[in-house]
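Reviewing the structure listed below.
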Amino acid sequence: MLDIKWISKNAAAFDAALASRNLEPMASSLANMDIKKRESMLKLQQMQSRRNELATAIGLAKKNNENTSELEEQANDIKSQIRGLEQDEQYWSNKLHDALSIIPNIPLADVPIGKDETANLCVRAVGSLPVFKFQPKPHYEIGENLGMLDFATAAKISGSRFVFLRDQLAHLERALKSFMLDNHTKNFGYEEISVPHLVNCDAMYGTGQLPKFSDDSFKTTDGKWLIPTSEVPLTNIVCNSSIDASLLPLRFTAYSQCFRSEAGAAGRDTRGMIRNHQFSKVELVSIVHPADGLAELERMTSAAETILQRLGFAYRVMLLSTGDMGFSASKTYDIEVWIPSESTYREISSCSLCTDFQARRMGARYKSSNESGFVYTLNGSGLAIGRTIVAMLENYQLSNGNVIIPEALVPYMDGVKELTRNER
RNA sequence: GGACAGAUGGCCGAGCGGUUUAAGGCACCGGUCUUGAAAACCGGCAAGGGGGAAACCCCUUCGUGAGUUCGAAUCUCACUCUGUCCGCCA
């Protein structure tokens, strides 16, 4: 949610930002709604003030046993006027709120302007690309040959875009979870959290999934939502609260399953576990003072990068362009890992500074003795575990079909150094 | 799922139709006193929004949402959450 006062004062900059996000200008129509809203609010408040005066007068008159019928007649008249004014005020207030609710965040000044992902900027590429003396296989073939990725059984039980991980690969998922959480808690000071996987509408609205992207998530029959990312419960920890500035920054990390309908992705990445309805992810969320937003974005990104470095993957960090950024973000780094079978990089993490955009939606403020305001929120994957498994199967595959376990993970795998087919 | 009890400012807690314009206490801040501190005493102390050049004025908020009333923390209805007991259950 953007500040309507800011929009009214910076109409040109706002419309330019919308244009950079491939949207039509809206500043004047929004400012007009705001004027209408405040006009109706003023009228309503003046009438309410009259009502309160009369009510007090009637109270006093009754106490003195005076006749109040004339006062009550006036009050009744005002009462009916208030009804109408309330409806006006509600109408404009809702109209403005609904309009603001579906407007994305404003990109920061250093974000490259562009229509789509082709305008993204490579900030750095790290690690050397693996060299294979054979044709590297895609992850789903490797996993199925090992007997550890089971799409057929998942199709029978759940449908397409689900998978069973079996045996050592199931263990590997557990190992990655612990490895990542340990890194973030021990080396970067994040608090480990175990989150609810069902949340209410307010939480989904707070982080920006609702109302515009309701088709992307799953809703339960009793009106709750399966989390599309633990960003939702983690960020909403601070909803409707005012945090003492001395407690900032707050840093949370959680492992969770994530559920996405992939409504708009029909036909994309249909094979394998790149794009499933359910996947596991370790998430990073920071709640910071506005002055610390940019530095925290760098810090968070480096926390996620550390995982890739320790696992020995080649990756690059992309600064997303205005046209490719998510709804709530003002600046986003995507981390992309090398996928040998496709000879390309694939997103494995996305770290975003959301400025006060989510904080306004969820009512998350900070206060100190001399200032107060909305906090800045950040979120990032650290990392998507499904895609980490993809990267591991592909980058560390051997010609015999086995897969090397990176050294950093071996202790988490009870000493297993290689995924090997188990004929059972 | 059933029964009962409850939800009031940062915290505790009174109030159950009209000077509540939310008592009182704790915490916190300022002052007096003190070498300094404590104690005591005095004073201050909610948030959000609207109007105004400003001084300042107004509106809303007592779990949430509707309703009754000239007037609601207080009455009615629904819902949410918390506690206790029963049932079921990993």
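First the proteins, then the strands, lettered A, B, ... as listed; each starts at 1.
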Would you mind reading off the distance between [X] atom [atom1] and [N] atom [atom2], rounded to a whole angstrom?
X      : N     : atom1 : atom2 : result
A/K43  : B/G51 : NZ    : P     : 14 Å
A/L42  : B/C58 : CG    : P     : 14 Å
A/N240 : B/G63 : CG    : P     : 15 Å
A/E39  : B/G51 : CD    : C1'   : 13 Å
A/H97  : B/G49 : NE2   : C1'   : 14 Å
A/I82  : B/G67 : CD1   : P     : 13 Å
A/F374 : B/A47 : CZ    : P     : 14 Å
A/Q74  : B/G71 : CD    : P     : 14 Å

Which atoms form the tightest heavy-atom contact between [X] and [Y], and what is the distance?
X      : Y      : value
A/G114 : A/S321 : O-OG, 3.9 Å
A/F213 : A/G208 : CD1-O, 3.6 Å
A/M204 : A/V199 : CG-CG2, 3.8 Å

Given that both distances must come in under 3.5 Å, which nucleotide forms a Watson-Crick or G-U wobble pair with [N]?
N     : result
B/A73 : none
B/C89 : none
B/U82 : B/A5
B/A54 : none
B/G43 : B/C29
B/G48 : B/C59

[N] to [M] separation - [atom1] atoms, rounded to the nearest Å:
N     : M     : atom1 : answer
B/A66 : B/G9  : C1'   : 25 Å
B/U60 : B/A55 : P     : 23 Å
B/A5  : B/U76 : P     : 13 Å
B/A47 : B/G10 : P     : 8 Å
B/U8  : B/A14 : C1'   : 10 Å
B/G17 : B/U69 : C1'   : 9 Å
B/G6  : B/G13 : P     : 14 Å
B/G2  : B/A78 : P     : 13 Å

Can you work out whether A/R365 or A/L60 has the more 5'-proximal nearest nucleotide on RNA chain B?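 With A/R365 and A/L60 compared, the 5'-side residue is A/L60.
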
For [X] and [Y], does a side-chain donor sit closer than 3.5 Å to a side-chain acceptor?
X      : Y      : value
A/S286 : A/E296 : yes
A/T207 : A/Q358 : no
A/Y396 : A/E394 : no

Under 4.0 Å between any heavy atoms, over every strand shown, what does [X] touch: base, sugar-phosphate, or nothing? Just pick one.
X      : value
A/K5   : sugar-phosphate
A/K62  : base
A/R360 : nothing

Only one of A/D334, A/T229, A/T301 clears side-chain hydrogen bond (donor to acceptor under 3.5 Å, both in side chains) with A/S350; which?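 Going through A/D334, A/T229, A/T301 one by one, the side-chain hydrogen bond (donor to acceptor under 3.5 Å, both in side chains) with A/S350 is satisfied by A/D334 alone.
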
Could you identify which residues of residues 49-58 of chain A place a heavy atom less than 4.0 Å from some atom of RNA chain B, listed by residue number, or say none? A/S49, A/R51, A/N52, A/A55, A/I58

Between B/G50, B/U60, B/U68, which nucleotide gets closest to the side-chain atoms of A/R83?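 Comparing B/G50, B/U60, B/U68 against the side chain of A/R83, the answer is B/U68.
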
For A/Y205, does the six-membered ring have the charged nitrogen or CZ of A/R361 within the cation-pi criterion, i.e. under 6.0 angstrom from the centroid and within 45° of the normal?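 Satisfied, under 6.0 Å and within 45°.
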
Intermediate values then yes/no, ring pair (Phe, Tyr, Trp, His ring centres under 6.0 Å), A/F162 and A/F151: CA-CA 7 Å; A/F162 287 94; A/F151 294 100; over 10 Å; no

According to a strict under-4.0 Å criterion, is A/K79 in side-chain N/O contact with OP1 or OP2 of B/C70?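 Result: yes.
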
